[in-house]
K.L.:
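Provided herewith is a single structure, encoded as structure tokens, for subsequent inquiry.
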Amino acid sequence: MFESISFFRIMKIGFVNFWRNFWLSLAATIVMTVTLVIFSTLLLVFVLTNYSIHTIQNTVDVSVYFKIGLAEDQIVKIKDDISQDPRIKEVDYVSAAQAFDSFKAAHQGDPLITESLNELTENPLPATLHIKTYNLGDYPAIAQNLESDQYKNSIDKVNFEDNRLVIDRLNKILKFIVTFGLVLVAVFVFIAILVIFNTITLTIYNRKEEVEIMRLVGATNWYIRGPFLTESVLYSIFSTIITGLLFIPVFYKVLPKVIAYVNPQVNIYANSLFHFGYLVLILFVLALLLSVVSTMFAIRKYLKI
Amino acid sequence: MIKFENVIKTYNNSRALDGINLQIHHGEFISLVGLSGAGKSTLLKLIIGEEQIDGGKILIDDIDISQVKKSDLPYLRRKIGMVFQDIKLLPKRTAFENVAFAMEVCGHHSEKIQSEVPKILDLVGLLHKRDSFPEEMSGGEKQRVAIARALSHRPVLLLADEPTGNLDEVNAGEVLDLLLKINQLGTTVILATHASDLVNKIKKRVVTIEEGKITMQQEKGRYQL
């Protein structure tokens with residue numbers, strides 16, 4: 001598009017414009033920063049809530065307790081039978097012997113229990129199936145199905161920990177956050193676009209003479225537009241830096257505490273995508289998009305080339 | 001060098017230029033005369049591609065300028081220098097910087113700018129004013145800086161649109177002498193003016209425009225309407 005010397009000059013004019021209209025530039029940067037702060041808060045809350053829901057969802061299952069002494073081939077038959085259901089993700093079979101062994105292992109340190117277990121002539125623990133579905137909503141139907149007459153002779157008890165209420169509540173919160181957050185982000189995106197549009201328009205107006213002369217002496221269109229784009233890229237860079245600095249303590253100090261308080265099992269930091277660098281990258285891309293788009297609008301409308 | 005073939009330009013249904021046929025040769029000095037609003041400025045604007053023609057053809061060195069892409073117009077403009085009645089210097093820059101600005105914009109290297117600008121300022125006789133700001137110079141001096149700026153790309157053609165319009169007789173004379181000198185050095189000059197005494201001094205080709213039409217062409221002519 002242009003030689004390096006022109007590129008350097010364009011950047012220089014852009015920088016000079018940024019400093020000459022310092023207060024305007026500051027206003028544009030602040031509005032952009034506020035937008036980015038709101039956006040990143042929303043993003044973090046969304047990711048966290050979503051991740052928590054996911055973790056809790058994984059703990060839900062239906063447990064089927066078979067009658068004691070039921071033959072293994074019958075259990076396997078029922079297991080195969082259940083596995084046919086397309087709604088079911090996985091069926092985990094724990095035999096009576098396995099249950100007994102793991103119970104024993106879990107209470108190894110307790111002499112009283114170990115002793116009582118040794119007294120037993122027969123395994124008191126039933127064989128169990130742990131069933132997980134793809135959809136949370138399918139659990140009640142599946143539990144009900146297992147309680148039907150068909151299995152009455154083999155199954156002693158069907159149990160599932162109903163976390164659905166918690167999950168439902170979390171889902172509602174998530175939905176609210178997304179709706180409310182998106183509206184808020186949209187409003188601020190609009191404000192940011194307007195402010196940057198006006199700032200660039202004012203810069204164009206201030207430099208009207210210069211632009212006219214540039215055109216006259218044969219400056220290329222990109223040479224004329226370049227400084228305005230440089231200026232808007234500067235808004236994006238500065239607002240990303242400010243937002244990034246604000247979020248370092250949030251990300252590394254506040255957030256771990258919040259997570260530990262809300263749900264200690266969730267270790268979102270283990271997820272490689274949950275990285276501060278990615279957050280900054282997303283913010284910069286967003287900022288760049290906003291400022292370049294509004295600058296192009298201003299250029300199209302007011303910069304006669 | 002420049003050929004107008006039946007050129008038509010209309011603004012809001014009124015014809016600013018109506019069937020202009022004109023041929024300008026390399027190294028010529030042409031005075032384009034006529035009253036204000038006769039179409040002189042429009043004609044110059046068409047040459048630098050600032051306005052588009054509505055009919056006919058303008059050829060510059062056999063290139064049809066209506067066919068020149070918008071993105072290539074800047075390169076056309078670098079071949080053509082232009083000066084105006086309102087001079088258009090940047091007030092916060094010195095004479096040197098004003099000329100240098102034009103070269104910077106077109107991607108010349110700093111070393112070249114540093115060596116060329118003094119030469120051009122010397123040509124227009126203003127090397128001693130290189131560090132003066134426009135407000136510290138007379139109208140004639142300012143216009144000479146503007147001419148220096150127009151010359152910075154070593155154009156083959158210089159268009160002057162009422163360059164003496166705001167100047168007194170002495171200053172106007174200085175500017176005219178400079179334009180003649182530039183023409184002697186080989187640059188084609190087109191001077192649009194309605195200053196009759198100036199034109200009478202030049203004794204070169206005069207083209208008269210009235211209401212968008214060429215009404216008279218004289219070699220070594222005088223200002224006549």
Side-chain angles (χ1 to χ4, degrees), chain A residues 1-25 200 202-233 292 295-305, chain B residues 44-45 47-51 68-84 86-93 97-113 117 120 134 142 145-161:
Chain A
M1 210 171 351
F2 27 65
E3 298 166 61
S4 59
I5 181 119
S6 296
F7 183 72
F8 174 74
R9 282 178 186 144
I10 287 169
M11 300 277 283
K12 199 178 137 194
I13 302 173
F15 268 97
V16 169
N17 290 345
F18 185 91
W19 291 119
R20 269 199 196 143
N21 307 321
F22 181 75
W23 294 107
L24 272 176
S25 307
I200 297 293
L202 275 169
T203 315
I204 290 174
Y205 186 79
N206 283 341
R207 294 186 57 233
K208 221 172 151 185
E209 240 180 340
E210 212 173 313
V211 166
E212 192 191 350
I213 293 167
M214 275 180 166
R215 222 158 46 85
L216 196 77
V217 297
T220 57
N221 295 349
W222 280 107
Y223 193 94
I224 297 173
R225 287 182 195 134
F228 300 108
L229 286 170
T230 307
E231 204 182 325
S232 72
V233 170
V292 169
T295 302
M296 287 310 281
F297 271 129
I299 285 175
R300 277 191 171 273
K301 197 157 159 59
Y302 296 109
L303 192 65
K304 196 189 152 227
I305 290 181
Chain B
L44 297 186
K45 279 180 187 163
I47 296 175
I48 58 165
E50 186 150 340
E51 300 280 358
V68 174
K69 278 190 287 176
K70 219 179 164 192
S71 57
D72 287 335
L73 271 182
Y75 303 101
L76 171 74
R77 286 180 187 150
R78 289 178 198 183
K79 297 259 172 225
I80 304 169
M82 186 143 187
V83 287
F84 301 87
D86 58 355
I87 302 172
K88 297 187 201 286
L89 290 183
L90 292 168
K92 287 181 185 162
R93 293 183 192 235
E97 287 164 349
N98 263 291
V99 179
F101 179 74
M103 294 184 76
E104 279 168 15
V105 157
C106 298
H108 291 289
H109 286 273
S110 305
E111 302 86 58
K112 192 178 177 194
I113 296 172
V117 176
I120 304 166
K142 277 191 264 191
V145 173
I147 292 171
R149 181 180 62 195
L151 292 177
S152 65
H153 305 310
R154 307 196 167 271
V156 288
L157 173 65
L158 183 67
L159 308 178
D161 190 2

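Just so you know, these numbers come straight off a predicted model, no measurement behind them. The chains referred to below are lettered A, B, ... by the order of the sequence lines, with proteins before strands, and numbering in each begins at 1.
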K.L.:
For B:Pro91, which atoms come within 4.5 Å of any heavy atom of chain A: side chain, backbone, both, or neither?
P.N.:
side chain
K.L.:
Atom CZ in B:Arg149, atom CD1 in A:Ile213: separation rounded to 0.5 Å?
P.N.:
4.5 Å
K.L.:
Under 4.0 Å between a Lys/Arg side-chain N and an Asp/Glu carboxylate O for B:Lys88 and A:Glu212?
P.N.:
yes
K.L.:
Any idea which heavy atoms bring B:Cys106 and A:Gly218 closest together, and the distance?
P.N.:
SG-O, 3.7 Å
K.L.:
Where on B:Leu89 is there a heavy atom nearer than 4.5 Å to chain A: the side chain, the backbone, both, or neither?
P.N.:
backbone
K.L.:
Using a cut-off of 6.0 Å, state whether more than 12 heavy atoms not belonging to A:Phe22 lie near its atom CZ.
P.N.:
yes
K.L.:
Report which part of B:Ser110 has an atom under 4.5 Å of a heavy atom belonging to chain A: side chain, backbone, both, or neither.
P.N.:
both
K.L.:
Hey, what do you get for CG (B:Leu73) to CG (A:Asn221), rounding to the nearest 0.5 Å?
P.N.:
8.0 Å
K.L.:
Testing the basics here: between B:Gly107 and A:Ser6, what is the closest heavy-atom pair and its distance to 0.1 Å?
P.N.:
CA-OG, 3.7 Å
K.L.:
When rounded to the nearest 0.5 angstrom, what distance separates CH2 in A:Trp222 from OG in B:Ser71?
P.N.:
11.5 Å
K.L.:
Which pair of heavy atoms, one from A:Glu210 and one from B:Arg93, lies closest together, and at what distance?
P.N.:
OE2-NH2, 3.9 Å
K.L.:
Apply side-chain contact (heavy atoms from CB on, under 4.5 Å) to A:Thr220 and B:Arg78, showing your working.
P.N.:
CA-CA 10 Å; A:Thr220 57; B:Arg78 289 178 198 183; 3.7 Å; yes
K.L.:
If the test is side-chain contact (heavy atoms from CB on, under 4.5 Å), which one of B:Glu104, B:His153, B:Arg77 qualifies with A:Val217?
P.N.:
B:His153
